[in-house]
Amino acid sequence: MARYNFRESERRWQRAWDERQVFAAADASDRQKYYVLEMFPYPSGRIHMGHLRNYTMGDVIARYKRAQGFNVLHPMGWDAFGLPAENAAMEKGVHPAEWTRANIDTMRGQLKLMGLSLDWSRELATCDPDYYGQQQKIFLAALKSKLAYRQESWVNWDPVDHTVLANEQVIEGKGWRSGAPVERRKLFQWFFRITAFRDELLAALQRLPRWPNKVRVMQERWIGRSEGAFVDFPITGRSEPLRVFTTRPDTLFGASFCAIAADHPLAEELAKNSAGLGDFIAECRQLGTSEEVIEQAEKRGYDTGLRAKHPFSSGQDLPVYVANFVLMGYGTGAIFGCPAHDQRDLDFANKYQLPVKPVVIPATADPESYRVTDEAYLGEGRLANSGFLDGLDVDAAKRAAIAKLEDSSQGEGTITYRLRDWGVSRQRYWGCPIPVIHCDHCGIVPVPDEDLPVKLPDDVDITEPGNALDRHPTWKHVACPICGRAALRDTDTLDTFVDSSWYFARFCAPEAPEPVDRQAADYWLPVDQYIGGVEHAILHLLYARFFMRAMRQAGYLKVDEPFDGLFTQGMVNHSTYQTADGVWVQPSEVVRNEDGSYALAENAAPVTVGRVEKMSKSKKNVVDPSDVIDAFGADTARWFILSDSPPDRDMEWTDAGVQGAFRFVNRVSRLVEQTLPKLPACGTPLADDLSDSAVTMLRTIHQTIANVTADVESFHFNRAVARLYELTNLLAKADDSIHPTVLRKAIESLVLLISPMMPHLAEEVWEQLGHKTWVIDTPWPKADPAFLVNETVTIAVQVNGKLRGKIDIARDSEEDDVREAARTVENVATAIAGRPLRRAIVVPNRLVNFVV
RNA sequence: GCGGGUGUGGCGGAAUUGGUAGACGCGCCAGACUCAAAAUCUGGUUUCCGCAAGGAAGUGGGAGUUCGAGUCUCCCCACCCGCACCA
């Protein structure tokens, strides 16, 4: 029998969909809209398995929603700016634009072979002047509303690559690419005032129930709101008090020292006259990340000799230390130490023999004898040894302490955040130029609207590190738009996270003359389902949330949350292989011996199987999706990547699993082919005189429809796959007692249910079944509630909670009947014989438990 | 350290509100077809005892609640991810 020709079929249907433009989304429709989006790829060269998994899942949702009658938008684009293009330029001498365009072409071709239901008419790349020009408008709007600003700030400077590095790109104090020790430099940088929305960004997380809890928690911690107070400690012999931040103003009476960061201005000032302090500060800075790990919790300090006056307890002076555990970047860079109720402070106090005075007494402790020695007490309790706070609980004491601080002008209640403004300047060529001009006379001048977009010059020299834009002989020299005198363009480009912060809004109307078309955006946004890797949990997703608010403020659109539903998929892993001398080898080079061991295909040298790990080039455990699609077809690849593993968990790619999926593709095709001669014509209604087995089949069909629908709806694709295997298994066993009309119903249901996952196969067999219309235009099957319950149920019979037998009985039978039927089961009868029956528990339609 | 998560056969994983543990797939075993192989089909496959019927144990470990616990409570262990001296 001829095997299903996936090559021909997939090519044919991809062409057919394309010719009819079935996936082009209509902006106006009376159907409800549904916007499905997967995180757009960086055009690195080729599609990888992560893409295959991501886009397959998105495609299942898109096709399913379409079949449910939604007006679906499912677009695709390219996150096309970024450093790898410049690296390629340096290494291979190819222009970044050319390299990027070639990669896009390759990857578009690969995506098309997957058979995705994408609206390619909306394709965009962030490196298109059309796109980044619109982005420049958004930047200028932000500049106007002061959401973008320029400020001198400390940056990580890579002296070899001549560029600023993000904190994430500094690994153990060295540049991630160059390996050179990073320098701290002060540069003028552009910032987005993300902190303007910090409370809103935090509070709105509560209104995103369709986001993974994990991501919400991560963002919450990233924003890092904490309530507390500023306290001003007067310093003897100085006019300026020392301002500290605390979340525990209630424990002020337990203070036994103050400490400031090594970078604190006061520390730097004192160091001028104290070589010892200067050395200590230098040591703190040098310490860096690596040694810190070694020294772990070692708290160290240097007594400055200054004394701080306690704000509430006159006559009590506290020593002021410079301490290595105080960070300049949080709060005020200064703290007061209350050892009894903070573990770090306690460690520090124990090291330097400072007093430890408990001021919060646990309810269970005796106030007279309560002591804190090695473990700080962080819990609830009543205040003691605390003057006017005595007897209050922690919350009341916080309020009372803040009130007193404010009354006596010694401090105030406040809220601090971890979130900092977003630095977006990058000293790179391959990015969106920042559309401002620096004029000696007029200052910072926005590029006039009619001069946008500020395009990147093509003729650049990217043979050495650094900013090719800045090196360009003419590009930056322009006349000031205001005074006409010689001026300079800003030669920095925007962080590529800016590009990905609003692309989903652009998809609503990619040709619009403004960044977004208000009407289209109001219709399509927010994205109903966004799908991507969890690695973007903070930066990309937070920036996008900020951007929607910034764009709303500028009047571009009305939403503030870009993604109503978010799904984060797991990684694709593969086992690793190593030769005896430790060289990693590709899976394709390895064969399995008969005894289960592995060897090199080439020369039979033994190979050891290592851990199952994320696919990576260094471990060589990479499988190219295109190879799989080429050998087995897109439907096989899609089906396998949806099988077995829950979508949010990591999965293992295995050849055997692919084979299994391939078998199933062919099995479905064969099943249709073999059953076809028995089937009535397309559209024949169900017969009414059905055999019992035919009714059973109908039940299974409708239960499968209901289950698969629920599974797809809730992203349980692996469960949906299992249900479809079950239906197929049952169908394969169908004999002549099943009425042909039921058989047709079963097969057609199967085909429609697999269609979001294996769209080509579904179209192909749908046509074989005699349909003139396409699956893509066929509504999702509906489960008939009448068939969702069985007439008979199997009831478990337990004795003392142990399974002793089963009975089949009519659904909703009387309790007494069920009990009596259960009692007569042979095993049960012997088990309860001669013992007094203490109880009989009957769970309707489920179970009987005899307690003896 | 803090936060989030995971732990079930040889493997990936299923199991409404607590109610028949191991669906489905992979692998493996046996059989059919075949000169043979591949492909396909049929049956079996948690472990232990037993020829069998059947019995016992069993969801990382230990307690507990319950007629009944993979599921609920408490304590511990391991692994993964994120943030890491956040005052």
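Lettering follows sequence order; numbering is per chain, from 1.
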query = Expressed as a whole number of Å, how far does the C1' atom of B:C11 sit from that of B:C28?
reply = 11 Å
task = Have a look at A:G660 and say if it touches a base, only the backbone sugar-phosphate, or nothing, with a 4.0 Å heavy-atom cut-off.
result = sugar-phosphate
inquiry  = Need one value for A:Y725: base, sugar-phosphate or nothing, where a base atom within 4.0 Å counts as base even if backbone is also close, heavy atoms only.
reply    = sugar-phosphate
inquiry  = Under a 3.5 Å distance rule, please check whether A:Y352 uses its side chain to pair with a backbone N or O of A:G301 as donor and acceptor.
reply    = yes
ask   = Rounding to a whole Å, what distance do you find between A:N213:CG and B:C81:C1'?
value = 14 Å
remark   = Which of B:C85, B:G12, B:A87 is nearest the side chain of A:D644? It is B:G12
What N/O pairs connect the protein and nucleotides 64-69 of chain B at under 3.5 Å? Give each pair on its own line.
unit_1, atom_1, unit_2, atom_2, d
B:C67, OP1, A:R839, NH1, 3.2
B:C67, O2', A:N849, ND2, 3.3
B:C67, O2, A:N849, ND2, 2.6

query = What integer number of Å spans the C1' atoms of B:C76 and B:G12?
reply = 28 Å
request  = Without swapping roles, check the side chain of A:R649 against the backbone of A:Q569 for a donor-acceptor pair under 3.5 Å.
outcome  = no
task = Evaluate the ring planes of A:H310 and A:F233, with Trp represented by its six-membered ring, and classify them as parallel (under 30°), tilted (30 to 60°) or perpendicular (over 60°).
result = perpendicular
key: A:E820 with A:R823: basic N within carboxylate O range, under 4.0 Å   = yes
request  = Would you mind reading off the distance between A:D347 atom CG and B:G1 atom C1', rounded to a whole angstrom?
outcome  = 11 Å
query = Paired with B:C74: which nucleotide, if any, by Watson-Crick or G-U wobble criteria at under 3.5 Å for both distances?
reply = B:G62
remark   = Against the side chain of A:N718, the closest entry in B:A87, B:A14, B:A23 is B:A14
request  = Indicate, with a heavy-atom threshold strictly under 4.0 Å, whether A:V217 touches base, sugar-phosphate, or nothing.
outcome  = sugar-phosphate
request  = Could you check whether A:P212 gets within reach of a base, just the sugar-phosphate, or nothing at all, counting any heavy atom under 4.0 Å?
outcome  = nothing
request  = Output yes when A:R243 and A:E412 qualify as a salt bridge under the 4.0 Å nitrogen-oxygen rule, no when they do not.
outcome  = yes
query = Just by distance, do the side chain of A:N718 and the backbone of A:L642 share a donor-acceptor pair under 3.5 Å?
reply = no
request  = Go ahead and name the base partner of B:U16; Watson-Crick or wobble counts if both distances stay under 3.5 Å, otherwise write none.
outcome  = none
Distance-only polar pair, side chains of A:D347 and A:Q343, donor-acceptor under 3.5 Å = yes
ask   = Atom CH2 of A:W211 and atom P of B:G4: how far apart are they, to the nearest Å?
value = 18 Å
ask   = Between B:C48 and B:A36, how far is it from one C1' atom to the other, in whole Å?
value = 40 Å
ask   = When we call it a touch if two heavy atoms are under 4.0 Å apart, what does A:T794 touch: a base, just sugar-phosphate, or nothing?
value = base
query = Distance check: side-chain N/O of A:R418 vs OP1/OP2 of B:A84, anything under 4.0 Å?
reply = yes
query = What nucleic acid atoms does A:V326 come within less than 4.0 Å of, heavy atoms only: base, sugar-phosphate, or nothing?
reply = base
task = Could you tell me whether A:E283 and A:R300 make a salt bridge, using a distance below 4.0 angstrom between a side-chain N and a carboxylate O?
result = yes
request  = Once you apply the 3.5 Å cut-off to both distances, tell me the Watson-Crick or G-U wobble partner of B:C33, or none.
outcome  = none
ask   = Does OP1 or OP2 of B:G5 have a side-chain N or O of A:R649 closer than 4.0 Å?
value = no
task = Sticking with atom C1', work out how far B:G1 lies from B:U65, rounded to a whole angstrom.
result = 33 Å
query = Using a cut-off of 4.0 Å on non-hydrogen atoms, how would the nucleic acid contact of A:S643 be classed: base, sugar-phosphate, or nothing?
reply = nothing
key: Pairing partner of B:C85 (Watson-Crick or G-U wobble, both distances under 3.5 Å)   = none
remark   = By nearest-nucleotide position on RNA chain B, the 5'-leaning member of A:A656 and A:T246 is A:A656
task = Send over the distance from A:M218 CE to B:G5 P, rounded to a whole Å.
result = 13 Å
Qualifying residue for side-chain hydrogen bond (donor to acceptor under 3.5 Å, both in side chains) with A:R723, from A:T728, A:D711, A:T704 = A:D711
query = Which whole number of Å gives the distance between the P atom of B:A52 and that of B:G58?
reply = 23 Å
query = If you measure from the C1' atom in B:G9 to the same atom in B:G18, how many Å do you get, rounded?
reply = 24 Å
request  = Sticking with atom C1', work out how far B:A15 lies from B:U59, rounded to a whole angstrom.
outcome  = 11 Å
inquiry  = Between A:R819 and A:E815, does any NZ, NE, NH1 or NH2 come within less than 4.0 Å of an OD or OE carboxylate oxygen?
reply    = yes
task = In whole angstrom, give the distance that lies between atom CG of A:D342 and atom P of B:C2.
result = 14 Å
inquiry  = Quick check against the 3.5 Å criterion: does A:D250 have a side-chain atom that pairs as donor or acceptor with the backbone of A:D395?
reply    = no
request  = Could you tell me whether A:Y725 and A:F664 have their ring centroids closer than 6.0 angstrom?
outcome  = yes
task = Could you please name the option among B:A87, B:U20, B:A15 that lies closest to any side-chain atom of A:R719?
result = B:A15
inquiry  = What contact category does A:N666 fall into here, base, sugar-phosphate, or nothing, at under 4.0 angstrom with non-hydrogen atoms?
reply    = nothing
key: Spacing of the C1' atoms in B:A32 and B:A38 (rounded, Å)   = 16 Å
task = Find the distance A:E726:CD to B:G25:P and express it as a whole number of Å.
result = 8 Å
query = With sugar-phosphate meaning primed atoms plus P, OP1 and OP2, does A:R838 contact a base, only sugar-phosphate, or nothing at under 4.0 Å between heavy atoms?
reply = nothing
key: Counterpart residues, side chain to side chain donor-acceptor pair (under 3.5 Å), relative to A:D648 (two or more places apart)   = none
Quick one: which protein N/O atoms are closer than 3.5 Å to N/O atoms of nucleotides 50-57 of chain B? Pair and distance per line, please.
unit_1, atom_1, unit_2, atom_2, d
B:A56, OP1, A:R804, NH2, 3.3
B:A56, OP2, A:R804, NH1, 3.3
B:A57, OP2, A:K802, NZ, 3.3

remark   = With syn meaning chi within 90° of zero and anything else anti, the base of B:G9 is syn
query = Who does B:C79 pair with, Watson-Crick or G-U, both distances under 3.5 Å?
reply = B:G5
task = Have a look at A:R723 and say if it touches a base, only the backbone sugar-phosphate, or nothing, with a 4.0 Å heavy-atom cut-off.
result = nothing
request  = Using whole Å, report how far CD of A:Q219 lies from C1' of B:G3.
outcome  = 15 Å
